Amino acid sequence: MLATRVLLLPGVLLTAIASAASAPPVVSTGSPPQPAADATPGSTAPTEDLLFASPTRLDHIGRIVAPVMVNGQGPFRFIVDTGASRSTVSPRLAQTLGLTPAAELPLKVNGITGTADVPSVAIHLIQAGDLVIEDTRLPVVWAPLMAGADGILGVAGLKGERIFVDFKHNRVVISRTRNGGTPQGFDRVPARLLPGGLLAVSARVGGVRVEAVIDTGSERTIANHALRDALAWRRRKGEVARVTDVYGATTEVASGQVDKAPTIDFGGVKISNVTVVYGDFHIFRVWGMESRPALIIGMDVLGTVNALAIDFQRSELYIDSVFHMG
């Protein structure tokens with residue numbers, strides 16, 4: 001039986017970025033990672049120099065960035081996104097690789113807020129740890145969520161890989177799943193693969209059963225209207241709703257209502273004091289999750305643990321949930 005861990009989040013996850021008391025907070029699904037040494041496009045620095053696992057702290061939201069070789073060049077800095085089945089490259093990286101984006105061969109990109117058809121480039125080889133992708137075509141995207149990174153490594157739908165992220169020691173490893181049980185010191189959280197390769201866990205929010213997608217590419221934890229309604233979410237009489245703009249992988253902007261969620265409980269891990277953005281977001285319709293309570297657990301929560309691992313072959317999430325604020 002799993003031991004219960006309680007994570008008390010800072011409670012400043014949205015309000016800290018508002019420029020004034022009267023201005024609504026602005027949320028994007030990406031948070032700028034700190035520059036790594038020798039991490040410019042085309043760098044020939046050792047792969048270890050590009051490892052980046054920034055924890056979530058009081059003053060910023062964490063990020064998971066991995067070193068990726070593209071067409072034999074690099075390593076380049078890619079945001080690891082467990083909520084995306086398709087990787088993307090930035091216009092700057094396409095230029096560095098000498099590739100001309102083909103507008104006549106567009107690819108569809110679905111984001112939190114909308115859908116867009118964008119130019120694409122042909123990629124011969126992508127290598128990230130033990131992950132190898134050959135002869136693929138990727139969309140060329142720039143969005144606020146990329147925050148200066150060279151691309152997004154979409155890992156939803158991986159079959160035999162495990163991603164290990166150690167925030168405490170700034171380490172990211174993508175490897176083949178090997179024999180072995182739950183890592184020592186970790187809680188095992190059973191998960192399941194949804195259509196499209198998304199990894200989801202069963203959770204409860206204030207006693208309401210929800211389907212929670214583990215999304216390392218999302219800066220904030222986001223919920224749909226079905227969860228808000230199931231929680232009988234209400235404001236005190238006369239209280240004005242806090243509304244925020246939400247940005248995603250496309251140019252479309254959506255709005256959401258900001259509120260503290262009741263305790264989130266999944267796999268024996270209890271998370272309190274989480275600020276959630278509730279809204280009718282496009283991505284829930286894409287995933288077929290708009291009609292039942294659903295949650296996207298983002299880096300504002302995931303980045304508060306010491307370490308986590310996702311085993312796609314076994315459909316399991318492992319959490320070292322000793323909370324740190326550092």
Side-chain angles (χ1 to χ4, degrees), residues 5-17 25-31 54-58 60-64 79-84 111-113 145 165 167 189 191 198-206 208-231 233 242-249 254-267 269-284 287 289-290 292-305 308 310 317 319 321 323 325:
R5 307 286 186 88
V6 179
L7 310 186
L8 297 176
L9 300 189
V12 295
L13 299 177
L14 291 175
T15 56
I17 58 176
V26 177
V27 179
S28 72
T29 56
S31 178
S54 169
T56 292
R57 301 190 187 279
L58 282 172
H60 80 148
I61 300 299
R63 225 348 142 233
I64 301 174
I79 294 170
V80 179
D81 189 349
T82 59
I112 293 287
T113 59
L145 66 87
V165 182
F167 293 106
V189 181
L198 299 169
L199 193 80
V201 299
S202 294
R204 288 185 178 272
V205 180
V208 176
R209 294 185 61 181
V210 304
E211 196 160 44
V213 173
I214 304 300
D215 189 353
T216 60
S218 178
E219 179 181 292
R220 310 287 171 174
T221 294
I222 295 172
N224 62 7
H225 278 167
L227 176 56
R228 181 200 65 178
D229 295 343
L231 291 170
W233 183 80
R242 288 206 300 145
V243 178
T244 182
D245 289 330
V246 178
Y247 298 84
S255 62
Q257 295 171 315
V258 182
D259 194 36
K260 290 284 183 64
T263 298
I264 301 173
D265 183 351
F266 61 96
V269 176
K270 295 181 184 293
I271 309 168
S272 301
N273 203 28
V274 182
T275 301
V276 173
V277 182
Y278 298 89
D280 181 24
F281 300 117
H282 169 79
I283 198 65
F284 287 118
W287 293 344
M289 300 170 70
E290 72 274 23
R292 61 187 186 277
L295 189 70
I296 296 173
I297 299 180
M299 286 300 297
D300 54 346
V301 170
L302 298 174
T304 62
V305 303
L308 63 87
I310 298 173
L317 171 69
I319 296 179
S321 55
F323 176 60
M325 290 175 57

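Hydrogens, waters and symmetry mates are skipped; everything else that's a heavy atom, side chains included, is used. Here the structure is a predicted model, which means the values were calculated and not measured.
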- Calculate, to the nearest 0.5 Å, the distance between atoms CZ and CZ belonging to R204 and F266 respectively. 15.0 Å
- Message: What I'd like to find out is whether the side chain of D229 reaches to under 4.5 Å of the side chain of L227, using heavy atoms alone.
- Response: no
- Item | Nearest-0.5 Å distance, CD1 of residue I297 to OG of residue S218 | 10.5 Å
- Validation row: I264, L295 side chains within 4.5 angstrom (heavy atoms): yes
- Item | Check: D259 and V276 side chains under 4.5 Å, non-hydrogen atoms | no
- State the CD1-OG1 distance between I79 and T216, to the nearest 0.5 angstrom. 9.5 Å
- Pair Q257-R242, side-chain donor/acceptor within less than 3.5 Å: no
- Query: Is a donor on one side and an acceptor on the other found under 3.5 Å between the side chain of S272 and the backbone of T263?
  - Reply: no
- Item | Any T275 side-chain heavy atom under 4.5 Å of V258 side chain | yes
- Message: Rounded at 0.5 Å granularity, tell me how far CG in L302 sits from CD1 in I64.
- Response: 7.0 Å
- Looking only at heavy atoms, the pair that brings Y278 and N224 closest together is CD2-O, 4.0 Å
- Query: Side-chain contact, heavy-atom cut-off 4.5 Å: I296 with W287?
  - Reply: yes
- Item | Nearest non-hydrogen partners of A200 and E211, listed with the distance | CB-CG, 4.1 Å
- Item | Separation of R63 CZ from E219 CD (nearest 0.5 Å) | 6.5 Å
- Do K270 and D265 sit within salt-bridge range, that is, some charged N less than 4.0 Å from a carboxylate O? yes
- Task: Can you establish whether the number of heavy atoms outside R209 located under 6.0 Å from its atom CZ is more than 12?
- Result: no
- Query: Is a side-chain N or O of T304 found less than 3.5 angstrom from the main chain of V301, in a donor-acceptor match?
  - Reply: yes
